[in-house]
Amino acid sequence: MSESSTERRRQYPFHRIEPKWQAYWEEYKTYRTANPGDAGFDASKPKYYVLDMFPYPSGDGLHVGHPEGYTATDIVSRYRRKLGWNVLHPMGCDSFGLPADQYAIMTGQHPRITTCRNVDRFRSKLKRLGFCYDWDREINTTDPGYFRWTQWIFLKIYNSYFDETTRAARPIEELEAQGLSREEIDARRLAYVAEVQVNWCPGLGTVLANEEVVDGKSEVGGFPVERRPLRQWMLRITSYADRLGDELEDLDWPEGIKRHQREWIGRSEGAEVTFAVDGSSETITVFTTRPDTLFGATYMVLAPEHPLVEAITTAAQKEAVEAYRQQVASKSDMERTALAKVKTGVDTGGYAINPVNGERIPVWIADYVLISYGTGAIMAVPAHDDRDYEFATQFRLPIREVVQAPAGNSETCFTGDGVSINSPLIEGLPTPEAKRKITGWLEDRGLGRKTINYKLRDWLFARQRYWGEPFPIVWRSGKHDAVPESELPVVPPPLEDYKPTGTPEPPLSKAADWVRYSDAALRETNTMPQWAGSCWYYLRFTDARNEQRFAGVEAERYWMGHNRKPGGVDLYVGGTEHAVLHLLYARFWHKVLFDLGYVSTPEPFQKLVNQGLILGEDGQKMSKSRGNVINPDHVIAEYGADSLRLFEMFMGPLEQVKPWSTKGVEGVYRFLGRVWRLFMESADEGDTHAFSAKVQEAAASPAMLKVLHETIRKVGADIEAMAFNTAISQMMICTNELTAADVRPVSVLASFLHLLNPFAPHLSEELYSAMQQRFPALPAGPLSELPWPRFEEKYLVENSIEIVLQVNGKVRAKLEVPAGIDAEALKALALSSEKAQEHIAGKTIRNVIVVPKRLVNIVVQ
RNA sequence: GCCCGGGUGGCGAAAUCGGCAGACGCAAAGGACUUAAAAUCCUUUUUUCCUAACGGAGAGUGUGGGUUCAAGUCCCACCCCGGGCACCA
């Protein structure tokens with residue numbers, strides 16, 4: 001195996017260069033970043049905060065997908081540093097949560113041990129890639145010095161309420177001052193306890209958030225999930241639904257992610273309408289986005305779990321309804337939704353009264369109506385709703401058209417906007433107006449009101465697992481209370497048996513001494529979900545060792561400082577898998593902290609970039625079972641870290657999905673070898689390398705200056721546009737030109753190394769230091785700390801340029817013309833050219849289009 | 001079903017504003033060096049046709065239409081691939 005690497009002659013001695021510079025950077029802390037107030041901090045420089053999405057180190061270590069985003073941010077960081085910016089580029093690990101807990105149980109090792117080992121392994125691998133992280137700021141969510149502040153933020157959320165008028169969080173003391181009772185206050189906290197239908201996963205022994213359940217199975221482990229009611233800690237994220245949607249506007253995020261978040265929030269404007277139940281004092285309230293179709297309601301549907309079902313069901317239908325409810329309860333969510341192609345339901349025998357026309361309509365139950373959305377009941381308008389239409393056709397319920405589709409529309413079930421018909425109160429009105437009028441009519445009579453519904457639910461925040469942050473909460477006679485801030489962190493007890501209990505009783509309850517807080521109080525035994533730690537880690541990085549505050553005021557304000565933009569982190573790079581979970585939760589926590597005055601921006605991340613997936617060499621998703629996984633360690637051993645970095649950037653655009661190619665790695669490896677040989681006579685394995693005689697302190701030719709400055713311009717512009725693949729192409733072009741030259745001026749080579757430095761830091765640093773020894777006039781210091789070369793337009797100016805001559809849009813010739821030629825002269829020159837004459841002979845010239853500096857198109861007939 | 005992303009040589013890809021399609025790299029072929037190979041360096045490489053050759057003519061960015069002097073790029077319709085969502089009233 002190792003034979004192949006020694007057998008093949010190395011293009012250059014990366015195996016010595018890379019460890020050497022990694023050790024140098026570590027020893028001299030080259031990439032340590034000073035905070036305001038620290039020695040060496042320069043306030044005159046602009047700041048740039050570049051962040052990678054927090055990794056969750058698993059036992060498998062790194063795969064080639066990880067370095068993709070990390071290399072991109074590393075290049076941007078190194079480039080900005082060389083431009084003279086203060087760059088914050090930190091790294092750490094998210095390590096509480098289910099995967100680590102599951103892994104620990106499977107291997108029988110305590111999660112603290114496995115987590116620690118995984119984090120160490122992860123860090124050392126990142127270091128082998130030569131990333132310029134400030135390791136002095138490394139953080140870990142399982143460190144008590146960190147989760148102390150996770151708990152502290154939880155207490156801030158717990159001790160806040162959402163003020164509807166200002167649409168912002170306020171301290172709970174304000175409600176106390178207003179004289180509200182304990183119960184009233186608890187009912188308004190942003191962190192509250194409620195009996196809710198939860199996703200209970202017996203396989204994992206915990207409840208899960210909706211977001212963690214995929215197709216009725218747990219995202220981690222793929223165990224079945226069932227619904228059951230439980231008392232749980234919830235975070236009132238729904239209060240922020242509108243702001244989480246609206247405030248996406250000014251963020252530089254991919255449109256797809258913004259849309260995804262908006263859809264997840266699922267804001268939907270409509271009306272609640274109250275229907276009387278025939279022969280009863282009960283009423284059924286429905287939510288509809290189409291109050292204008294009230295006259296077309298021909299039946300109603302309650303969710304099978306709706307509390308009114310029993311009261312409405314007639315004796316004759318009781319048995320059938322009960323049987324249906326049983327049947328539905330035993331179905332998993334997946335069976336109820338994804339797999340259910342055919343609609344099911346049962347008539348309750350009861351009737352409701354349509355408030356707009358007094359019509360008696362039947363009430364059914366069906367599982368296509370969800371108890372968890374809106375009011376758990378709908379009015380069915382089969383003429384204008386696909387689902388109702390399907391149901392009505394199946395059960396032969398009447399269909400009544402009340403919206404006229406625009407001319408030309410022939411859909412059997414028209415769901416768009418049109419004009420109301422067969423609707424006395426709103427006859428002839430276009431849909432938006434009809435909605436407004438009918439809602440007003442209902443409001444006037446107390447029969448309904450305008451409402452907004454969201455798909456977003458409050459965040460189920462408790463887990464019945466060991467490996468998570470304990471809640472800083474104690475219970476006294478059935479009431480919860482905050483643990484005093486002075487007692488933070490609340491450290492989990494060192495349990496021997498941390499397995500889930502198999503019941504909703506969390507494993508922490510096994511630590512009787514720990515649970516017993518005092519004679520009168522017991523500790524909360526649930527733990528926080530995995531997402532908690534990553535909700536604020538970007539704040540901790542600004543001041544990772546602060547023991548007085550989650551981050552110093554000045555450090556937070558400096559690094560998160562906004563320049564009139566809402567977000568603090570200037571560039572955030574990661575995968576699309578966090579489109580809703582992490583990015584929504586983090587934004588929510590951030591907004592609470594912002595409302596309470598703890599942070600200076602309303603949004604955490606200004607610019608978001610998603611790197612694309614790297615597929616296996618076979619074009620399939622990498623997976624162990626397919627055997628197409630590429631291990632970065634092997635790539636580094638064979639070609640070096642610089643080659644791996646460069647290839648990951650050369651494959652194609654960062655955001656794009658692209659397949660791995662070993663041949664491609666060899667290609668960039670050869671390119672780095674060519675760079676080496678620009679300077680060195682050979683790739684000699686010995687300790688000494690002979691400098692090439694072609695490297696001389698000589699003046700650069702105009703042609704050489706041209707390609708150099710074109711490269712300076714393009715590499716800089718491409719890094720800023722994150723178009724790394726084309727930046728590398730340009731460096732290859734430059735290298736090819738220099739290779740062909742008989743004399744390679746020191747000044748040109750030095751500038752070129754600056755450009756290569758962010759991409760291949762080890763090789764460029766090594767060659768630069770070798771150059772310094774040989775040519776002492778070069779500026780001293782590590783290359784990574786020397787300024788980026790200045791691009792000068794003057795070297796690109798040409799005396800003559802090439803113009804394309806077209807006749808009827810077809811290229812017929814190329815003309816060499818003076819660069820400064822004006823349009824008229826160019827036109828005359830083109831028309832008189834030999835080639836033009838050839839093609840226009842005997843024809844009439846209809847038009848001549850002249851595009852300065854580009855082409856002349858002669859249109860003839 | 002709905003919503004995204006994408007279709008350009010043998011392959012990964014490039015192409016500011018509509019202005020020379022295929023930069024750069026891979027693979028392939030030929031040559032130089034070498035006893036030989038590897039490595040390296042140089043050359044060719046979208047395709048069809050004409051020419052002994054120099055050279056020239058045509059076609060071409062998933063398909064079909066359209067706008068324009070000019071379309072990979074803009075507009076309309078359709079096909080295929082990849083990803084996500086999935087009864088949210």
Side-chain angles (χ1 to χ4, degrees), chain A residues 7-11 215 254-257 259-260 263-264 266-268 270 286-290 293 301 334 336-341 343 366-370 372-381 384-388 390-391 415 453-457 576-577 579-580 612-613 615 619 621 647 650-653 655-668 670-671 673-674 677 682-683 717 721 723 725-733 735-736 739-740 802-814 846-860:
Chain A
E7 230 174 74
R8 178 184 326 196
R9 194 153 155 203
R10 283 193 187 85
Q11 289 273 343
D215 288 343
E255 267 317 307
I257 300 286
R259 196 170 37 240
H260 202 157
E263 273 169 23
W264 191 267
R267 182 192 153 99
S268 151
V286 302
F287 173 72
T288 176
T289 54
R290 293 297 298 270
T293 60
V301 185
M334 180 156 72
R336 267 184 75 163
T337 59
L339 299 179
K341 291 260 189 288
K343 291 210 165 19
D367 67 358
Y368 83 91
V369 172
L370 309 174
S372 50
Y373 183 76
T375 59
I378 62 154
M379 62 172 203
V381 185
H384 305 291
D385 182 282
D386 291 325
R387 299 151 298 185
D388 298 345
E390 201 185 313
F391 191 82
T415 58
N453 255 300
Y454 302 91
K455 286 193 215 175
L456 183 71
R457 307 291 143 80
T576 43
E577 67 271 21
V580 284
L613 203 64
L615 305 174
K621 217 170 195 164
F647 176 64
F650 187 60
M651 292 166 81
E655 297 89 337
Q656 197 169 302
V657 178
K658 45 214 176 273
W660 185 262
S661 157
T662 299
K663 287 289 182 190
V665 186
E666 282 173 16
V668 294
R670 269 200 293 268
F671 161 65
R674 279 167 79 87
R677 290 189 300 273
S682 73
N725 53 334
T726 48
I728 294 167
S729 295
Q730 183 62 37
M731 288 192 282
M732 287 173 170
I733 292 170
T735 301
N736 291 345
T739 299
E802 198 181 65
I803 293 286
V804 172
L805 172 65
Q806 293 183 339
V807 177
N808 283 351
K810 290 203 165 81
V811 180
R812 292 300 177 189
K814 295 181 183 167
R846 314 290 294 199
N847 198 1
V848 179
I849 283 111
V850 179
V851 183
K853 295 189 170 114
R854 286 195 191 274
L855 60 70
V856 177
N857 187 9
I858 304 168
V859 187
V860 297

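Here is the naming used below: chain letters follow the sequence lines, and residue numbers restart at 1 for every chain.
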* Looking only at atom C1', what distance separates B:G60 and B:C49, rounded to whole Å? -> 15 Å
* If we take the C1' atom in both B:U45 and B:C24, what is their distance in whole Å? -> 15 Å
* Nearest to side-chain heavy atoms of A:R259, which nucleotide of B:A14, B:C3, B:A89 -> B:C3
* **Listed partners of A:T662 passing side-chain hydrogen bond (donor to acceptor under 3.5 Å, both in side chains), at least two apart** => A:E617
* **side-chain hydrogen bond (donor to acceptor under 3.5 Å, both in side chains) against A:Y454, all qualifying residues, sequence neighbours excluded** => A:D242
* Asked: What does nucleotides 15-29 of chain B look like as a protein-contact string, B for base, S for sugar-phosphate only, - for none, at under 4.0 angstrom between heavy atoms?
  -> ----BB--BBSSS--
* Structure fact -> When rounded to whole Å, the NE2 to C1' distance for the pair A:H260 and B:G83 reads 11 Å
Can you tabulate the close N/O pairs, meaning under 3.5 Å, that link protein atoms to atoms of nucleotides 46-50 of chain B?
none

* Enter syn or anti for the glycosidic conformation of B:G9, syn applying to angles within 90° of 0. => syn
* Asked: So does A:Q656 get a side-chain nitrogen or oxygen closer than 4.0 Å to the phosphate oxygens (OP1/OP2) of B:G82?
  -> no
* Counterpart residues, ring pair (Phe, Tyr, Trp, His ring centres under 6.0 Å), relative to A:F287 (two or more places apart) -> none
Side-chain donor-acceptor pairs of residues 847-854 of chain A under 3.5 Å, sequence neighbours excluded:
none

